[in-house]
S.K.: 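Got a structure for you, questions after.
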Amino acid sequence: MRNMEKLKFIDLFCGIGGFRTAMDEACLENDIVPECVFSSDIDNFCQDSYEANFGERPFGDITKIDEKDIPDHDILFAGFPCQSFSIIGKMKGFDDVRGTLFFDIARILKHKKPKAFVLENVKQLFGHDGGNTLKTIVNVLEKELGYSVRFAVLNALDYGLPQKRERIIIVGHKEPILFNFPSPVRPFKPLSEILEKKVDAKHFASEYILEKRKNKHKSAYNLSIWHENKSGNICSYPYSCALRSGASYNYLLVNGERRLTPREMFRLQGFPDDYKIVVSDGQAKRQAGNAVPVNLVKAVILKLLPYVAASMDMTTVLRDYEVGYGE
Ligand SMILES: C[S@@+](CC[C@H](N)C(=O)[O-])C[C@H]1O[C@@H](n2cnc3c(N)ncnc32)[C@H](O)[C@@H]1O
């Protein structure tokens, strides 16, 4: 940042730092100095990965952290777990959502009043409980906390990654801004840039299974990810379906021959190759499956940064952007 002021943010439900990686990259491209002033994740293995890569260990359970103990910040990021919205739809407002992890985001926003926030969740939040869950969330953010809110379902495939991963992104700003979500950009990266050249034998299927699969399916692509469902039906694409943290990722197979390596999964989520993978293969798959696609949220952050910079009088940053304020 040319005037040396730092753009402070917090990283809630930080996992392995998908938001932080995106924020760091977006700020670097715009000559802004980002500073993460607080991070939290309850999972020890995520904390290990985060600490190895960002040099600080996230705090644990957010429900146990008093909002008054969280440092002031300009932007709040949170990719909250989807389990937490299953009961929100029946609730009416801020006091009602108590006991859900969304409430923890809301109470921090209420107390700290950052200039902006970006929340991420699975696409299913959109239609959950006939739309009531999202309605309650937006209602709390807009009516009770006073933010100007926009939301959209975005697909990682549209932001350069060969992974079909749809996510709902909710963006809020303290002033009413004319925020537009980033336009889709294709093509996505070819699989040749994702797949490793040397892969350990442990990732390959046995000759017997390989034979069976190859007899069942012929791919139209040179490099493809095969998607095998539980009943054994196979289809293949030049991209991956959404990585999952549970068992289903086993059914994503490179050219029908082997499972994805941890590095390939991290690449499919947009993490750079200097991101250190310090956990077991099993944990790495879980972490990649839970992460937010870096390129997707980076595209969103790049759209939001000028507004946040404007409210901090970072006029040099604004020069390159169009910034519009609502009525
Ligand atoms: C969907 S993942 C978010 C992943 C993250 N955006 C990333 O890029 O890796 C949700 C995260 O919330 C964490 N979590 C769940 N309950 C929590 C709690 N009570 N306090 C803090 N973190 C929690 C989980 O451990 C998980 O890593």
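Counting convention: from 1, in listed order, for ligands and their atoms alike.
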S.K.: Suppose clustering is done on Ile, Leu, Val, Met, Phe, Trp and Tyr with side-chain heavy atoms closer than 4.5 Å. Which residues sit in the same group as Y208?
M.R.: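 Via sub-4.5 Å side-chain contacts, Y208 links to I209.
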S.K.: Going by the closest heavy atom to atom 4 (C) of ligand 1, which one wins out of N290, N121, I62?
M.R.: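 The option holding the nearest heavy atom is N290.
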S.K.: Is any N or O atom of G18, backbone or side chain, closer than 3.5 Å to an N or O atom of ligand 1?
M.R.: yes
S.K.: Any chance the side chains of E175 and S148 put a donor and an acceptor closer than 3.5 Å?
M.R.: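 No, S148 and E175 have no side-chain donor paired with an acceptor closer than 3.5 Å.
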S.K.: Checking K202 now: which residues fulfil side-chain contact (heavy atoms from CB on, under 4.5 Å) with it, not counting sequence neighbours?
M.R.: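 If we apply the side-chain contact (heavy atoms from CB on, under 4.5 Å) test to K202, skipping adjacent residues, the hits are D200, D281.
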S.K.: Among V294, L12, D104, L101, whose heavy atom sits nearest atom 16 (N) of ligand 1?
M.R.: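 Nearest heavy atom to atom 16 (N) of ligand 1 lies in L101.
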S.K.: With atoms numbered from 1 as shown, which atoms in ligand 1 lie under 4.0 angstrom from a non-hydrogen atom of D43?
M.R.: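 The list of qualifying atoms is 25 (O).
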S.K.: Counting only heavy atoms, tell me which of D41, D11, V292 gets closest to atom 13 (C) of ligand 1.
M.R.: D41
S.K.: Could you measure the distance from the CD1 atom of I70 to the CZ atom of F38? Nearest 0.5 Å is fine.
M.R.: 4.0 Å
S.K.: Can you say whether the rings of F266 and Y275 are parallel (under 30°), tilted (30 to 60°) or perpendicular (over 60°)?
M.R.: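 Because their plane-to-plane angle lies in the 30° to 60° range, the rings of F266 and Y275 count as tilted.
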S.K.: Mark up the atoms of ligand 1 that fall under 4.0 Å of a heavy atom belonging to A291, in ascending order.
M.R.: 7 (C), 8 (O), 9 (O)
S.K.: Where the closest heavy atom to atom 17 (C) of ligand 1 is concerned, which of I42, T21, I65 has it?
M.R.: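 Closest candidate by heavy-atom distance is I42.
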S.K.: Which ligand 1 atoms does D61 reach within 4.0 Å, using its non-hydrogen atoms?
M.R.: 18 (C), 19 (N), 20 (N)
S.K.: Classify the angle between the aromatic ring planes of Y237 and Y239 as parallel (below 30°), tilted (30 to 60°) or perpendicular (above 60°).
M.R.: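 Y237 vs Y239 ring planes: parallel.
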S.K.: Which is closest to atom 10 (C) of ligand 1 by heavy-atom distance: G79, G15, S39?
M.R.: G79
S.K.: Out of all atoms in ligand 1, which are within 4.0 Å of some heavy atom of S40? Include the element for each.
M.R.: 21 (C)
S.K.: Can you tell me which residue among F151, Y147, F77 is in a ring-ring contact (aromatic ring centres under 6.0 Å, His included) with F117?
M.R.: Y147
